[in-house]
Amino acid sequence: MDALVEGEAWHPPHWPVAWQRHLTYAAEYLRERAGRGTGGRLDDVGLDIVHRGTSIGRWVARQRSGWDGLNEPQREQLVALGLTPPAAVDAVAEAAAVPVPDGLGPSAHASRRGRSR
């Protein structure tokens, strides 16, 4: 079994050590950012972020895309670090979508291009 790293006081039996390690490194990265005054939420972590040799950004993206496969305690840990659950993100995007009136969508523009003026 992997040894714990600083900041990992426990290892829940219901998720892998590697998952806990990524969570620990993500939390550490966020604390460092907050200490520099640059923010500290998982929602703000870009895909290219690497901390302690671990791709935190790609891990965060995998957690979003695999949200349904996570158990409730894992989700709670991610939300506590500032990850907005995918369902909430989808709802906000849907609410912000501006409806396009009939006849003004992309297909209408394409059909107009074929007409002579």
Pairwise distance CZ(Arg62) to CG(Leu70) - rounded to 0.5 angstrom: 11.5 Å
Considering all heavy atoms, the nearest Pro86-Arg64 contact: CG-O, 3.3 Å
Side chains of Gln63 and Trp19 in contact at under 4.5 Å (non-hydrogen atoms): yes
Value rounded to 0.5 Å, distance of CG in Asp48 from CD1 in Ile56: 12.0 Å
Over all atoms of both residues, closest heavy-atom pair of Leu30 and Gly40: CD2-C, 3.7 Å
Shortest non-hydrogen contact from Ala61 toward Leu47: CB-CD2, 3.6 Å
Smallest separation among heavy atoms of Arg75 and Trp67, with atom names: NH2-O, 3.0 Å
Note, Val50 side chain near Tyr25 side chain (heavy atom, < 4.5 Å): no
From Gln74, Gln20, Gln77, residue fulfilling side-chain hydrogen bond (donor to acceptor under 3.5 Å, both in side chains) relative to Trp15: Gln20
Side-chain heavy-atom pair Leu23, Leu78 within 4.5 angstrom cut-off: yes
From Thr54 atom OG1 to His22 atom NE2, the distance as rounded to the nearest 0.5 Å: 5.0 Å
Distance, nearest 0.5 Å, that separates CG of Asp44 from CD1 of Ile49: 10.5 Å
